[in-house]
Amino acid sequence: MTPLLEVANLNIFFPQASGESTVPVDDVSFTVAAGELVALVGESGCGKTLTGLALPRLLPRGAEMGARTVIRFRGTDLTSLSESELRTYRGRRIAMVFQDPMTSLNPVMRVGAQIAEAIHAHRKVSKRDARERVLALLTEVGIADPTSRIDAYPHQLSGGMRQRILIAMALAAEPDLLVADEPTTALDVTIQAQILELLDHLRATRKLAVLLITHDLGIVAGRADRVLVMYAGRIVESAKTARLFSHPAHPYTRGLFASIPRLDADTTRLTPIGGSVPRPADWPTGCRFHPRCGAAIAHCTTHRPPLEAAGPDQLAACWVTQGMTK
Amino acid sequence: MIPLLSVERLVKHYAQGGAFARRGAVVKAVEDVSFTIAAGETLGLVGESGSGKTTVGRAVLRLELPTEGIVRFEGTDLATLSPAELRTLRRRMQIVFQDPFASLNPRRTVGASVAEGLEIHKMLPKREIPERVAELLEEVGLDAAYAHKYPHEFSGGQRQRIGIARALAVEPSFIVCDEPVSALDVSVQAQVLNLLLDLRDARNLSYLFIAHDVALVRQIAHRVAVMYLGTIVEIGPARTVIDAPKHPYTQALVSAVPQPDPTKGTARIVLAGDPPSPSNPPSGCPFVTRCFHPMKDSRCAAQRPSLRLVAGRDVACHYAD
Amino acid sequence: MKSQRGWGILLLGLLVLLAVIGPWVAPDWHAMSDALTDALLPPSRAHWFGTDQLRRDVFARLAYGARVSLVVATIAVTVAAILGTMIGLAAGTAVGWIGATVQRCINVGLALPRVIVLLVVLAAVGLLSPVALGIILGGTGWPAVARLVRGEALRLREAPFVVAAHALGATPGRVVWREILPGTMPAVLVATTLGLADAILLEAGLSFIGVGVKAPIPSWGGMILEAREQLTNAPWLLIAPCLALGLATSAATLLGEALRTSLQPDTR
Amino acid sequence: MSRWMIRRIAEAVATTVVALLLLIVLLHLLPGDPLSALLGDRGADPAVRADLERCWSSHRNTWQSVTTYFGCLARGDLSYSLSKQEPVLQLIRERLGPTLLLGGLTLLIDFTIGLALGVWSALHPDTWRARLISATTIVGYTLPSFVVGMLLVWIFAIKLPWLPTGQLSEVTLPVDSGAWAVFADHIKHLILPLTAMVIATIAVPLRQQRTAAMTTAAAPWVLAARARGVRPFAVAWRHCWRPALTPIVTLLGLWVPMLVAGAVFVESVFSWPGMGSLLADATFARDVPVVVAAGFVVIVVVQIGSLLADALYHIVDPAQRST
C-alpha cells in the first residue's frame, strides 16, 4: 500500500551570513498512511514544529530545504510544485491546526468569515451555501448555538471554543491529512480532554489521517497508531504505540518516561535526564544525545547512529541498543 | 500546635479597570478559602487557569492585599504588621515563579539577583556576600562561577535554579512555588522537582506548591487542595484525594490527566463547556453548570455547599459520599 | 544595524567637531568685511560657503550655529529626559489616584501641541539666550518621554522579578530605584536620542520664524531665514545651513533607531 | 458605544480647558507683566488699552486673570489683536479655512498613500523599491519642513518658474475670472505647500504602518490563513493590513498634534494665510492675545482630531467595539 504521505531525507536549514548554517531538522524520514494517526513527540527546539510546517511548505522566511528532500503526497512530490500549485494542497489536502488558539485567529475578522475563507479558497460556492456549510462545521466540532457564534469575533470566545473554530477551519475543505501542532498545549486539562475527544471523534467519522505533534507522551498513549520520537533535529526512535510504551528502546525515550510524574507511582522521586536540551547552534557531534546519556560509549561521541530495527515494529538510533559495547 | 501558616476565609475581589474606572464588573478571584500548612509540610494547590490559585499564593505573601480574611504566619496576623515589620518578616516566606525568563532581572548579574535578599536584610558583611552567593549557587546545583553571568546566558532549567537560590538566600521557612516547573521541558522538570524535594528535606521547608498538573502535585505534596472558580472544592491528604477523588470536579480533573500508559484505559470523564467567568459565578455550587453528578438538583443551584469530612478529606459537595 | 549606529556616531562626531573647533578655525562669526563688494560672495577658498548680505563669512556662522544648535538641543533633551523620567515613573509606579492623576497630566501634556506652548511662551518673553531656549524646549518635551517611561514602568511593575524584589522585603523606593528605573533607561535613551533631532528641528524652526535664538547670535534656522531673502541671487546661502540641519537630524535619528534595535530586550 | 462617546467627549473638553488654564497660568508665572509688556509703546491709545483690558489685565492676580479670560471666551470674545488692529475672532475666522484645507489634505494623503506604501514595503522587505521608500522617508523625516519648503520654492518657483511661491491665490487674477480659473489658481498655489507638508509628515505614518504590518505578517493567524490556501492578495489585505490598522489608529491621536508644528513652519515659508502663519507672525510681533486665542483654537481642532481618531479606533477594533 502506498502511504498517503511520504517524507524522505527532510533537511531544513537556516543559511547564515557567515557561511555556516544551523540545521534544526536533519535528515528526517517517515510516512503517514491514510486514516492513520502518527504522533511526533519531542521537547522544545527539537525541530518538530518545523517538520510539520515543511509538509505544506510553509517554512518561515530564511529557512531552506535540502536538495535531497522529498515530500510525496499521494505520489506527487510537493517540493517540485510552484507556490500557486501548492495552494491547491494547503487546506484542501493537508490542513493544519496550531498550538495557540488565541493568536491563530485574525482578531478583526468574524470567525464564520474565517472558516468560509477556507471553503472559498478551494471551491466555487455561493455565499449562502458557504454559510450553511460553516454552520454545519460549527455543529460538527461541537459549538453550541452555532447561529449566534458564527458572527462572533475571536475575543468573544473562550480558548476551547477558539480551538474548535480552528479545527472547523481545518476541516472546511475536506482534507486528507490533518497536521495538529500541540493542539491542546495552551488549554486547561478539562478543555484539553474535550478537544482530544473531538479529534478522536472526527478521525473516526471522517477517516482522517493525523500527524499529531506534541511534547506530551500522555496524550499519545491510547490514541496514536505509531510514535516518532525526535531529539535535536533527528528521529531517534519510531515504533507502534503499544511497543514504544511497553519497551522503549532509545535511552532518550526511556529517560522521558522516567521524567514524567505518574498517577500510579509509588515513589516521590523521579529519575530525570541530566543536563538540558541543546540549542540548534550547538548540537553535539555523533549521537546528539550522548552528553546527557548514561549509557553513552566513546563511539557515540563521534559517529551518528543510524535508525535500525530494535524490536518488532520498532526502530531506534542508538549504538548501544544496536549491540555495540565498550 | 500553631501551624506555620494559616489562612482563614480569604477573599480577593478585583475591580475591573483602573482607579478612575466607572463602577464595573467585580472579578471574584478568591472566595472564602481557608487552609493551614505545618512546618515541613507541602500543600499542593491545584486548579485550572482562572481558578484563583495564583491569587491565593500572592495574597498569602501579602504581595496582594486580600479583600477579606486573615493570613497568619507563625501565629502573627500579617494585616497587623507595619510595612517595615512586614518587610522584615519577608525573610521567612519566599516565592518561586513560573516563568524562568521573566523572573530574573535581565540587567543584573545572577550573583546580584541572588545577593539581593542578603543586602536588603543586611544578613552578612558586604565582603562575605560573594562567598555566600557561591555556596547558594552550588546548593541548587549550579557552578559558582555563574555569578558573574547574565540571565540570558542560561537555559530555562538553570534560570529556575537561580530563582530558587535567590529565594533560599534569606533562609525562609516557607516558599510559595507558583507553577515552578510548568514552563520547563519534560526532561528538565524532573530535575527541578527533585531539587525542591532535596531542599525541603535538607532545610525543613514548607511549600505552597501551586500547579495545574495533578500527577505532579501527587508526587511532591503531602496534602492537596483543589480549587475551582475561587473556592476550594476538595482538600485532604494528597494520595487519598487524587487516588480516589470525591468531588465531581476533582474526579474529572484527575481523569483528564493524560497518562503515558496505554494499558490503563480508565473511563474518561469529559466535562462539558467552559468554566463560568469569575466576574459572574453561578449562585449556589460554583461547579453546578458543568456537574455530572447523578443527584444534582435544585439545591446545588441555590445553596453553596461547605466543606465537610468525607472519607478522610473535606469535600464541598452536597452529595459526595 | 551596526553600520547605522556607526554612521550616526560619525555624523554626530563631525558636528561636535564643527561646533568645538569650527569657530576657532574660521574667521570671527560677527565680523563684517569692510569691503562692500564682499557681500553675497559665492563659495571660494577664502569663504568656504560664501558670504551673506551683511558681508559675514557663512562658514563661521555655520560653525558657531552648530554650537548654538547643539547646546540648545542638549539642554532640551536633558531637561526633557529628567522631567519625563520622574513624571513617568510617578505615573507608572504610584498606586491609586496619585498614579492616575499624574497619568492625566501626561495626557494633557501630550494633547497640547508642543509648538503652541512654545509660541505662547516666546510671545510673552521675547527672544531668549540659547540656554533659556533649551530649558523651555525641554520643558515642553517631557510628555513624550513620560509616556514611554510610564508604559515601561507599568510593564515592569508586574514583572516577576519586580514582585520577587517585593517578596524579598525590598522597600518600595529600592524597588523603583534598583529594579524599575534601570529597566526604563533604554527607552529613555532611545527617546532622548530621537528627541535630539526634534529639538534641533524645533530650535531651527523657531529661529526661522524669527522667534528663536536672540539675534545676532547665528543659528541655522536664522541663516535659512536670511537666505530666503536672497534666494534668487544667492541660493548657495541656503545650501550650507540646510545641509548642516539635515546632517544633524539624520545623525540623531540614525543613532536613535540603531539604539532602539540594539537595546530592545530579548533580541540579544 | 454612546456612553463611551460621552465619556470621551467630556474628557476632551476637560483636557482642552485644563490646557488653556495651564497656558494662562504659565503666562502669569513668566517674569514681567504680560499686558504692559505686550502693549509696549503701542499702549498709548486708550481705546486699544480698554479693548485689551476686557480680557487681559496687569493688576489682577493669576486666579482673577484666568476667570476674566474664561469669561471672555464664554462670551465668544477672543480679545483684540495689537499687531493687526483687528478683533482676534475676525482674524481666526479668515485663517481657519486655509489651514484646515492644507492640514486635511495632508492628513488624507499621509493616511492613504503613506499607509499603502507602508504595507507594501512591509510585505516586500528586501526589494530595492522598499529600500528606496525607506531612504526617502528618512530624508523626509530628518529634513525640517521649512527646509523642504524652501528647496521646493527654489526649484519649482525660482529655477523652474512653474508654480507660485506662496499665498492662497494670485492677486493679479482678474476679478471676473470664471469659477474654473479660480479653482485652478487655488490648486496651483496649493501644490508646493501641500508637497512640503506631505514630505515632512508622511514618514511617521508610513514607518509605523510598516512596523505594524511586519508584526502582523509574522502573526500566527497569517500562517494559519496561508495554511488553508487563502490567496496571497487576500492574506495581505484581510490578514496583514486590516489588523495592522488598529495600532496605527491608536497613534493617529498622538500624531495630530505633531502636524501642527509642520503647519506653523510650512505656512510661514509659503505665506499661506492660515492659523500657522498667523501664530508665527503674532509670536514675532509678541501679540499675546492672538497667540493665546489661536493656540486655543488649534488645541480644540487637535482635540476634535484625536476624538475622531478614537472613534475610528472603536470602529476598526472589534475588541473595543463590544465593550
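FYI, side chains are in, hydrogens and waters are out, and symmetry mates aren't considered; it's all heavy atoms of this structure. Throughout, a chain's letter reflects where its sequence line sits, starting with A, and its residues are numbered from 1.
Only the side chain of C:Arg147 comes within contact range of chain D, with at least one heavy atom under 4.5 Å from a heavy atom of that chain. With a 4.5 Å cut-off on non-hydrogen atoms, D:Ser306 does not touch chain C at all. Both the backbone and the side chain of C:Leu119 have a heavy atom closer than 4.5 Å to some heavy atom of chain D. Both the backbone and the side chain of D:Val269 come within less than 4.5 Å of a heavy atom of chain C. In this structure, no portion of D:Leu259 lies under 4.5 Å from any heavy atom of chain C. Heavy atoms closer than 4.5 Å to chain D are found in the side chain of C:Thr253, but not in its backbone. Neither the backbone nor the side chain of C:Ala197 comes within less than 4.5 Å of any heavy atom of chain D.
Between chain D and the options C:Leu245, C:Leu127, C:Leu122, heavy-atom pairs under 4.5 Å are most frequent for C:Leu245. Heavy-atom pairs under 4.5 Å with chain D peak, among C:Gly246, C:Gly205, C:Ala227, C:Gly210, at C:Gly205. Counting heavy-atom pairs closer than 4.5 Å to chain D, the top-ranked of the candidates C:Gly126, C:Gly221, C:Ala248 is C:Gly126. The candidate with the highest count of non-hydrogen atom pairs below 4.5 Å against chain C, out of D:Ser268, D:Ala280, D:Ala14, D:Ala12, is D:Ser268.
The distance from the CG atom of C:Leu225 to the CZ atom of D:Phe146 is 9.5 Å, given to the nearest 0.5 Å. Here CD1 of C:Ile116 is found 7.5 Å from CE of D:Met275. Values are rounded to the nearest 0.5 Å. Rounding to the nearest 0.5 Å gives a distance of 5.5 Å between CG of D:Leu151 and CG of C:Leu238. The distance from the CG atom of D:Leu279 to the CG atom of C:Leu118 is 11.5 Å, given to the nearest 0.5 Å.
Side-chain contact between D:Phe284 and C:Ile209 is absent, with no heavy-atom pair separated by less than 4.5 Å. Looking at D:Val147 and C:Trp220, their side chains never come closer than 4.5 Å, going by heavy atoms from C-beta outward. Counting heavy atoms from C-beta on, the side chains of D:Leu22 and C:Val108 come closer than 4.5 Å.
Within 6.0 Å of CZ on D:Phe70 lie more than 12 heavy atoms contributed by other residues, nucleotides or ligands.
Heavy-atom minimum distance, D:Val260 versus C:Val115: CG1-CG1, 4.4 Å. Looking at every heavy atom in both residues, C:Pro113 comes nearest to D:Val298 through CG-CG1, 4.4 Å. Minimum heavy-atom separation, D:Ala19 to C:Leu112: CB-CD2, 3.5 Å. Closest of all the heavy-atom pairs between D:Val302 and C:Ala111 is CG1-O, 3.9 Å.
Side-chain atoms of D:Arg286 come within 3.5 Å of backbone atoms of C:Ala124 as a donor-acceptor pair (strictly under, hydrogens ignored). When atom types are taken as modelled, the side chain of C:Thr249 and the backbone of D:Thr142 share a donor-acceptor pair closer than 3.5 angstrom.
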